[in-house]
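Please read the structure below before turning to the comments.
Values in this document were obtained by computation on a predicted structure and should not be read as measured data.
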Amino acid sequence: MGKIQHLNKYFDHTLLKAEATEADIKKLCAEAKEYDFYSVCVNGCYVPLAVEELKGTDVKVAAVVGFPLGAMSTEAKAFETDWVCGVGADEVDMVLNVGALKEGKYEYVRDDICTVVAMAYENDAIVKVILETCLLTDEEIIKACQLSLEAGAEFVKTSTGFSTGGATEHHVSLMRKTVEDKAKVKASGGIRDLENTLKMIEAGADRIGASASVAIMKAYQQK
């Protein structure tokens, strides 16, 4: 594929490690400002800090909800969504309930997503639904995408980056084909170099979640 205009705007510059400190988050935000990334993606407790660090820029703040397992109650996810949005998150990356999906409890999964979407919508935020594709069959990925659309989510997302695998071209392509133009696709998990980034975009990703965004951009600028 040819050179992509504004590759920087594909990136949710991400730091979700348990050992991340305030200094690490400040560095993440400084890098996001330097490269004008689309957003930073952080754990909920760091949303106020990220909002403060990014004040006066167009870099958005995304917060994870129900992370990384997705197995807490819908009520807990709703509370978390309301809290992160209340302190300034523009986007919510929520993990769906993988076990419920695999058991065929589709109404529960849809309602779980719908509750988070409604709470985010009240706060003018959008929702990305993390499917954790490495744990799902192709049929389950298709169903998860369909349920996410029914629930009103703006994005479907491949992975947390904390399970057994990350984004693959096949899964991104399958998600793109399933949601068509009704939602966007975020590829995340294990995307650490320019070649893989470009492959994900070619497969249909609208957004890239990565902690290696700076290294990827440096490689891109040297092309």
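When each of Thr14, Val214, Leu49, Val40 is checked for a side chain to side chain contact (heavy atoms under 4.5 Å, CB included) with Leu28, only Val40 meets the rule.
With respect to Lys27 and Glu31, a salt bridge is recorded, a charged nitrogen being found less than 4.0 Å from a carboxylate O. Between Lys9 and Asp58 there is a salt bridge, since at least one side-chain N of the basic residue sits less than 4.0 Å from a carboxylate O of the acidic one. Ion pair Asp206/Lys186 not flagged as a salt bridge, since none of the NZ, NE, NH1 or NH2 atoms sits closer than 4.0 Å to an Asp/Glu carboxylate oxygen. Using a cut-off of 4.0 Å between Lys/Arg side-chain N and Asp/Glu carboxylate O, Glu91 and Arg207 are scored as salt-bridged. Checked for salt-bridge contact, Lys55 and Glu52 meet the test: a charged N lies under 4.0 Å from a carboxylate O.
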Checklist entry - Which is it for Lys77 and Met72 under the side-chain contact (heavy atoms from CB on, under 4.5 Å) test, yes or no, and what are the steps along the way? => result CA-CA 7 Å; Lys77 289 179 183 177; Met72 54 289 295; 3.9 Å; yes
Checklist entry - Could you go step by step and tell me if Arg176 and Val179 meet the side-chain contact (heavy atoms from CB on, under 4.5 Å) rule? => result CA-CA 5 Å; Arg176 172 86 279 153; Val179 301; 3.8 Å; yes
Item to check | side-chain contact (heavy atoms from CB on, under 4.5 Å) evaluation trace for Val156 with Lys128 | outcome: CA-CA 5 Å; Val156 286; Lys128 310 185 196 90; over 6 Å; no
Item to check | Evaluation steps, side-chain contact (heavy atoms from CB on, under 4.5 Å), between Leu15 and Tyr46 | outcome: CA-CA 10 Å; Leu15 179 57; Tyr46 288 123; over 6 Å; no
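The aromatic rings of Phe162 and Phe67 sit perpendicular to each other, their planes meeting at more than 60°, with 30° as the lower class boundary.
In this structure the side chain of Glu53 never reaches within 4.5 angstrom of the side chain of Ile25, judged on heavy atoms. The side-chain heavy atoms of Leu194 and Lys223, taken from C-beta on, include a pair separated by under 4.5 Å. You'll find the side chain of Ile201 reaches within 4.5 Å of the side chain of Ile208, heavy atoms only. Taking 4.5 Å as the limit, every side-chain heavy atom of Ser213 sits out of range of all side-chain heavy atoms of Tyr35. Side-chain contact between Val98 and Leu136 is present, with at least one heavy-atom pair separated by less than 4.5 Å. Contact of the Tyr38 side chain with the His13 side chain is not registered, since no non-hydrogen atoms from C-beta on lie closer than 4.5 Å. Side-chain atoms of Val129 and Leu131, non-hydrogen and from C-beta on, do get closer than 4.5 Å to each other. Using a 4.5 Å cut-off on side-chain heavy atoms (C-beta onward), Ile126 and Val92 make no contact.
Criterion: ILVMFWY side-chain heavy atoms under 4.5 Å apart, direct or through other members. Under it, Val95 and Val84 are not part of a common hydrophobic cluster. Tyr108 and Val117 are not part of a single hydrophobic cluster, where members link through side-chain heavy atoms under 4.5 Å apart. Criterion: ILVMFWY side-chain heavy atoms under 4.5 Å apart, direct or through other members. Under it, Leu7 and Val185 are part of a common hydrophobic cluster. Linking Ile, Leu, Val, Met, Phe, Trp and Tyr residues whenever their side-chain heavy atoms come within less than 4.5 Å places Leu174 and Leu96 in a single cluster.
Here the closest heavy-atom approach between residue Asn43 and residue Val64 is recorded as OD1-CG2, 3.3 Å. The two residues Ala144 and Leu101 make their nearest non-hydrogen contact at CB-CD2, 3.9 Å. For the residue pair Ala167 and Ala187, the shortest heavy atom distance occurs at CB-CB, 4.1 Å. Taking each heavy atom of Thr74 and Asp111 in turn, the nearest pair found is CG2-O, 4.4 Å. The minimum heavy-atom distance between Gly88 and Val51, with the atom names listed, is O-CG2, 3.7 Å. Shown here for Pro68 and Thr160, the closest heavy-atom pair between the two residues is O-CG2, 3.4 Å.
Enclosure of atom OH in Tyr121 is not indicated, since only 12 or fewer non-hydrogen atoms of other residues, nucleotides or ligands lie within 6.0 angstrom. Residue-environment remark: NZ (Lys60) stays at or below the threshold of 12 foreign heavy atoms within 6.0 Å.
Atom-to-atom distance recorded for Ile141:CD1 and Thr178:OG1 is 8.5 Å, nearest 0.5 angstrom. For the atom pair CZ (Phe155) and CD1 (Ile130), the distance works out to 12.5 Å, reported to the nearest 0.5 Å. For the atom pair CE (Met200) and CD (Glu195), the distance works out to 10.5 Å, reported to the nearest 0.5 Å. If you take OG on Ser148 and NZ on Lys182, they are separated by 13.5 Å, rounding to the nearest 0.5 Å. Note: Asp138 CG to Lys143 NZ = 15.5 Å, rounded to the nearest 0.5 Å. To the nearest 0.5 Å, atoms CG (Leu135) and OG (Ser163) are separated by 4.0 Å.
Here the side chain of Asp112 pairs no donor or acceptor atom with the backbone of Val109 at under 3.5 angstrom. Side-chain atoms of Glu80 never come within 3.5 Å of backbone atoms of Val65 as a donor-acceptor pair (strictly under, hydrogens ignored). Although no hydrogens or angles enter the test, the distance criterion places a donor-acceptor pair under 3.5 Å between the side chain of Glu140 and the main chain of Thr137. Distance alone, capped at 3.5 Å, is enough to place a donor-acceptor pair between the Asn123 side chain and the Met119 backbone. Not one N or O on the side chain of Asn8 forms a donor-acceptor pair closer than 3.5 Å with the backbone of Phe37. With Thr158 contributing its side chain and Ser188 its backbone, the two residues share a donor-acceptor pair below 3.5 Å.
Screening residues 156-167 for salt bridge (charged side-chain N to carboxylate O under 4.0 Å, His left out) gives Asp93-Lys157 as the qualifying pairs, with residues at least two apart or on separate chains.
Side-chain atoms of Ser173 and His170 include no donor-acceptor pair closer than 3.5 Å.
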